[in-house]
Protein chains: 2
Amino acid sequence: MAVTIKDVARLAGVSQSSVCRALADPARVRPETRERVERAARELGYHPNRVARSLITGRTGNIGVVLPDLANPFFPTVVKSIQTRARGFDYAVFLSDTDEDPAVEVPAIRALAKQVDGFLLCSPRATDEDLRSFAGEKPIVVLNRRITPFPSVTADNADGMRQVVAHLHALGHRDVAYVAGPRTSWSNRDRLRGLRAATAARGMTLVEAGNVAPTVDGGAAAADLVLAAPVTAVLAYNDLVALGLIKRFQARGVVVPEQLSVVGFDDILVAGLVGPPLTTVAIGKEQIGRVGVDLLLELMADRDSTGTARRVLPTQLIVRGSTGPAFR
Amino acid sequence: MAVTIKDVARLAGVSQSSVCRALADPARVRPETRERVERAARELGYHPNRVARSLITGRTGNIGVVLPDLANPFFPTVVKSIQTRARGFDYAVFLSDTDEDPAVEVPAIRALAKQVDGFLLCSPRATDEDLRSFAGEKPIVVLNRRITPFPSVTADNADGMRQVVAHLHALGHRDVAYVAGPRTSWSNRDRLRGLRAATAARGMTLVEAGNVAPTVDGGAAAADLVLAAPVTAVLAYNDLVALGLIKRFQARGVVVPEQLSVVGFDDILVAGLVGPPLTTVAIGKEQIGRVGVDLLLELMADRDSTGTARRVLPTQLIVRGSTGPAFR
DNA sequence: TTGAAAGCGTTACCAG
DNA sequence: CTGGTAACGCTTTCAA
């Protein structure tokens, strides 16, 4: 059996209360008592049961992280930074991967609700309505999506798109395509919105290709649609989709970027390693996680802070491979 | 405040006990009672508090997953399969990333110990001694490492190396190098062991290059050492190291694979996307997670099963880019 | 400064 | 089949 506070109390010859105090707030007991308790605890290898503690305090010391797909390299990076930051504040992390299924999200959150002090929802796919049903229940910070009344951490997608469009325009491109990600993705909608504005501002034409899964296969599936359109460059929802496009383009004998420029989004590790290297938009992934944790901690501290912070992190175009039609 | 079993009991006009039974084992109450309880629970939106339950049952419904580095694409894949499998059995997953620091591992496990029913340790970096200190405390299944007295799930590294060496030998290679991963990695030791045996069996020479971090940067750091050695092919501890080698080789003007063949291990997604494509050894990453969960569930069920299962999963050479010196 | 006791929400046990 | 009550391990009053 596990060693409990009672065992420590017995060995130290004091009451449970004193053990509790000695360990939680050493200043509230006599030095001598503290000494005896500490020795007994060490001897027995006592570690307080956080589960039992949470029952009385209402605090669990855990935070729940829900995300759509760990197989997308974007998310592990975010999770890692969350985990690292959380550990620094002695919080443990529950992880739930919903496999891009909006229907799984609500039950997943519900299942964790009683064991966490708050949630970090990464790119949640559920409807606004479903997500709002959790408002007021537990502190929630949303990453990569903006939805009232939750605090959010997002990337400046519009500015990223502006940078991409400026770059492509300078290279001589006038007709571009966008391969959209999941309809349920706020980032997708935000990026498309920014892209539309940016292309319109420069009088460029924009062809939109259907919604695809945010994966390499999703990108490959949309490649032929893009080739059928009169464009010289294609922007993908994210890097994985971009890589899928390139893969299929190469299979069809289209030379990238000479014949067709491809631009991704996210700047996942692989973007810099593939050949041809992928031009993309970098997001501070570690920062998203870190800021998200900080916001959540704040929210969990003052329970009734309005907590409508909307942190928008900068994006940065990373030029690697794209060339313009002028050089063809 | 959250709705408790008492609220349901009051509304349904029955005792706590009946509510508990009606929800846990509907067959043990009168259909009419069951009906009333279920309606009351639904009406109030009651969800049992798993924390409180675990206090009395001793079961938490959680499993802890500890791994060295989520930034290594190998692990997210494993975690995803663990998470998916665990969800199927209604288990939630605690995730702890130790950042390749052996010293963090023991405290990380200790911190989670009270809130989980068992552990899945992925490629643990701690010493055998430290890990054994947990024997008997909680069910533990170790992935990617073999260590008594824990059940384990590993890949057949030796056979993978055998396949690689046979392939390289057939291509005409006789002198190869190995860039070792972390000294603390069992997989690294196991792969090196297999490689030594395989090269010795064919009378090939093997040059071993220092231990590096299992990252792209680690690989890049070892590249020049490899170039200084009289070899025609180099095997890397894993794909990330292989990609780092290639990156640096290209920077030094060495053409891969014509001038130097590079082989990785793990077959992470990016291996098939880079140019030149990476020859590597595939491991059933999803299978590792799945089998690990199954083994752990078994272990958690019969508390005193010896549980010394050692599942070794097959590996498969994936030939993509490597060529032999004969074609130079 | 310390000890006794209540209570967190649930399940398990024992009468009825 | 049902209700009352103890118990899980801890923190937090409340007295002493």
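Values reported hereafter were calculated over all heavy atoms of this structure, with side chains retained and with hydrogens, waters and symmetry mates removed. In what follows, every chain begins at residue 1, and chains take the letters A, B, ... in the order their sequences are listed. None of these values were measured; they are calculated from a predicted model.
- Distance from the side chain of B:Arg53 is smallest to C:dT11 among D:dC10, C:dT2, C:dT11.
- Salt-bridge check for A:Glu137 with A:Arg110: passed, with a basic side-chain N closer than 4.0 Å to an acidic carboxylate O.
- Atoms CG (B:Leu55) and C1' (D:dC8) sit 4 Å apart, rounded to a whole Å.
- The side chain of A:Thr57 approaches D:dT12 more closely than any other nucleotide in the set D:dT12, D:dC10, C:dT1.
- Closest approach to the B:Arg30 side chain among C:dT10, D:dT11, D:dC1 is made by D:dC1 (side chain taken as heavy atoms from C-beta onward).
- Counting non-hydrogen atoms under 4.0 angstrom, B:Val14 reaches the backbone sugars and phosphates but no base.
- Axis deviation across the helix from C:dT1-D:dA16 to C:dG16-D:dC1 amounts to 50°, comparing end segments of five pairs, rounded to 10 degrees.
- No contact: A:Ser54 has no heavy atom under 4.0 Å from any strand.
- Of the charged side-chain nitrogens involved, none lies within less than 4.0 Å of a carboxylate oxygen, so that A:Asp130 and A:Arg125 do not count as a salt-bridged pair.
- Judged by distance alone, the side chains of A:Gln115 and B:Asn49 never bring a donor and an acceptor atom under 3.5 Å apart.
- The phosphate of C:dT2 (OP1 or OP2) has no side-chain N or O of A:Ser17 nearer than 4.0 angstrom.
- Regarding B:Ile5, its CD1 atom lies at a distance of 14 Å from the C1' atom of C:dC8, rounded to whole Å.
- Between the CG atom of A:Asp25 and the P atom of C:dT2 there is a distance of 12 Å, given to the nearest Å.
- Listed nucleotides: C:dT11, C:dT1, C:dG3. Nearest to the side chain of A:Thr33: C:dT1.
- As a whole-Å value, the separation of A:Glu35 CD from C:dT2 C1' is 18 Å.
- The interatomic distance linking A:Arg50 (CZ) with D:dT11 (P) rounds to 11 Å, in whole Å.
- Between the side chain of B:Arg21 and the base of D:dG3 there is at least one donor-acceptor pair of N/O atoms closer than 3.5 Å.
- Residues B:Glu43 and B:Arg39 are not paired through a salt bridge, judged by the lack of any N-O separation under 4.0 Å between the basic side chain and the carboxylate.
- Between the A:Asn188 side chain and the A:Gly181 main chain, a donor and an acceptor come within less than 3.5 Å of each other.
- Taking atom CD1 of residue B:Ile56 and atom C1' of nucleotide D:dT5, one finds them 12 Å apart after rounding to whole Å.
- Remark: the A:Asn144 side chain and the A:Ser187 side chain contain no N/O donor-acceptor pair separated by less than 3.5 Å.
- B:Thr77 has its side chain within reach of B:Glu286: a pair of non-hydrogen atoms, C-beta onward, lies under 4.5 Å apart.
- The side-chain heavy atoms of B:Val65 and B:Leu121, taken from C-beta on, include no pair separated by under 4.5 Å.
- Of the listed nucleotides (D:dG9, C:dT2, C:dG3), D:dG9 has the atom at the smallest distance from the side chain of A:Asn49.
- The separation between B:Lys114 atom NZ and D:dC8 atom P is 15 Å, rounded to whole Å.
- Within 4.0 Å of B:Thr4, counting heavy atoms only, lie sugar-phosphate atoms of the nucleic acid but no base atom.
- In this structure, A:Gln16 atom CD and D:dT11 atom C1' are separated by 10 Å, rounded to whole Å.
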